Amino acid sequence: MAHNLAKEVFLEYLNRQALKVTRPRLKILDVIFSREKFHFQADDLLEVVNARSKERVSRATVYRTLELLEECGLVRKERYKDQVGIYERTLGDEHHDHLICTECGKIIEFHSPQLEQMKNKVARANKFTPTRHVLQIFGVCESCAKKFRY
């Protein structure tokens, strides 16, 4: 369902911007919204797109399409630690925050109503209207803690 809505949003955006609807752009969108993996790097996306398609897609096309998808609100780019940009789907996704393993790079999403309430309380106390926030907690995941004996 999110996949069909994403396509509709993207096609409408391209039309409003007078941009072409191309097979590579649609293939990139399809791969992003058909994967179970929510977080991805552009180069990983390029590999998957080209593995699933007879028609090669260039790195430049992937980056330009990701920019368009960001502009229309279907993906968001974040930086975690010293990594290159990590993208994640945003359509139909409840706001969440991230735990990031500094050993293996694993990203764990979580949602905390208590943190949301605290954020709103702090904002009200400072007469501030929040529009968005990003919380990244860096540490070591369970698997790495066992492996490296943390």
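As the structure is a computational prediction, the values presented were derived from the model and not from experiment.
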Any heavy-atom pair between the side chains of Cys104 and Cys141 that's under 4.5 Å? yes

Atom pair NZ/CG of Lys106 and Leu99 - distance to nearest 0.5 Å: 10.0 Å

Report yes or no: do Leu19 and Ile28 belong to one cluster of Ile/Leu/Val/Met/Phe/Trp/Tyr joined by side chain heavy-atom distances under 4.5 Å? yes

Connected hydrophobic set around Phe128, excluding itself, where side chains approach under 4.5 Å: none

Shortest non-hydrogen contact between Cys72 and Val9, atoms and distance: O-CG1, 4.0 Å

Pairs where residues 12-21 contributes a residue and the test salt bridge (Lys or Arg N to Asp or Glu O under 4.0 Å) is met, not counting sequence neighbours: Glu12-Arg16

Show me the donor-acceptor pairs, under 3.5 Å and distance only, between side chains in residues 59-66 and residues at least two apart or in other chains.
from, atom 1, to, atom 2, distance (Å)
Arg59, NE, Asp43, OD1, 2.9
Arg59, NH2, Asp43, OD1, 3.3
Thr61, OG1, Ser58, OG, 2.9
Thr65, OG1, Thr61, O, 2.7

Between Glu109 and His98, is any pair of side-chain heavy atoms under 4.5 Å apart? yes

Contact list for residues 135-150, test salt bridge (Lys or Arg N to Asp or Glu O under 4.0 Å), sequence neighbours left out: Glu142-Lys146

Of all heavy-atom pairs linking Val75 and Thr90, the shortest is N-OG1, 3.5 Å

Hydrophobic clusters here meaning ILVMFWY residues chained together by side-chain heavy-atom distances under 4.5 Å, can you tell me if Ile137 and Leu115 are in one? yes

Under 4.5 Å between side-chain heavy atoms, counting indirect links through other Ile/Leu/Val/Met/Phe/Trp/Tyr residues: same cluster for Leu135 and Ile100 or not? no

Are Leu26 and Val49 joined in one hydrophobic group, where the rule is that I, L, V, M, F, W and Y side chains link up if heavy atoms are under 4.5 Å apart? yes

Minimum heavy-atom distance Arg52-Ser34, with the two atoms named: NH1-OG, 3.1 Å

Considering residues at least two apart in sequence or located in another chain, which fulfil the salt bridge (charged side-chain N to carboxylate O under 4.0 Å, His left out) criterion with Lys119? Glu116

Quick check for you: to the nearest 0.5 Å, what is the distance between Asp97 atom CG and Ile108 atom CD1? 13.0 Å

When rounded to the nearest 0.5 angstrom, what is the spacing between CZ in Arg25 and CG in Leu11? 11.0 Å

Tell me every residue that passes salt bridge (charged side-chain N to carboxylate O under 4.0 Å, His left out) with Glu71, counting only those two or more places apart in sequence or in another chain. none

Between His39 and Glu88, a side-chain donor and acceptor under 3.5 Å: yes

With rounding to the nearest 0.5 Å, note down the distance linking CG in Leu5 to NZ in Lys7. 12.5 Å

Between Leu69, Ile32, Leu74, which is the residue that forms a side-chain contact (heavy atoms from CB on, under 4.5 Å) with Arg89? Ile32

same_hphob_cluster(Phe33, Val21) at 4.5 Å side-chain heavy-atom cutoff: yes

Can Leu68 and Gln17 be said to form a side-chain contact (heavy atoms from CB on, under 4.5 Å), step by step? CA-CA 10 Å; Leu68 294 172; Gln17 300 299 316; over 6 Å; no

Under the salt bridge (charged side-chain N to carboxylate O under 4.0 Å, His left out) test, which residues partner Glu55, sequence neighbours left out? Arg23

Listed by chain and number, what are the salt bridge (charged side-chain N to carboxylate O under 4.0 Å, His left out) partners of Lys127, not counting sequence neighbours? none

Can you name the residues that form a side-chain hydrogen bond (donor to acceptor under 3.5 Å, both in side chains) with Arg35, not counting sequence neighbours? none

Mind listing the closest non-hydrogen atom pair of Pro24 and Val57 along with its distance? CB-CG2, 4.1 Å

Each residue besides Val122 in its hydrophobic cluster should be listed here, by chain and number; the cluster joins Ile, Leu, Val, Met, Phe, Trp and Tyr at side-chain heavy-atom distances under 4.5 Å. Met118

Just jot down the side-chain hydrogen bond (donor to acceptor under 3.5 Å, both in side chains) partners of Glu8, sequence neighbours excluded, or say none. none

To the nearest 0.5 Å, what is the distance between OG1 on Thr129 and CZ on Arg124? 11.0 Å

Taking the side chain as C-beta and beyond, is there a heavy-atom pair between Gln41 and Ile86 under 4.5 Å? yes

Phe40: which residues meet the ring pair (Phe, Tyr, Trp, His ring centres under 6.0 Å) condition with it, sequence neighbours left out? Tyr87

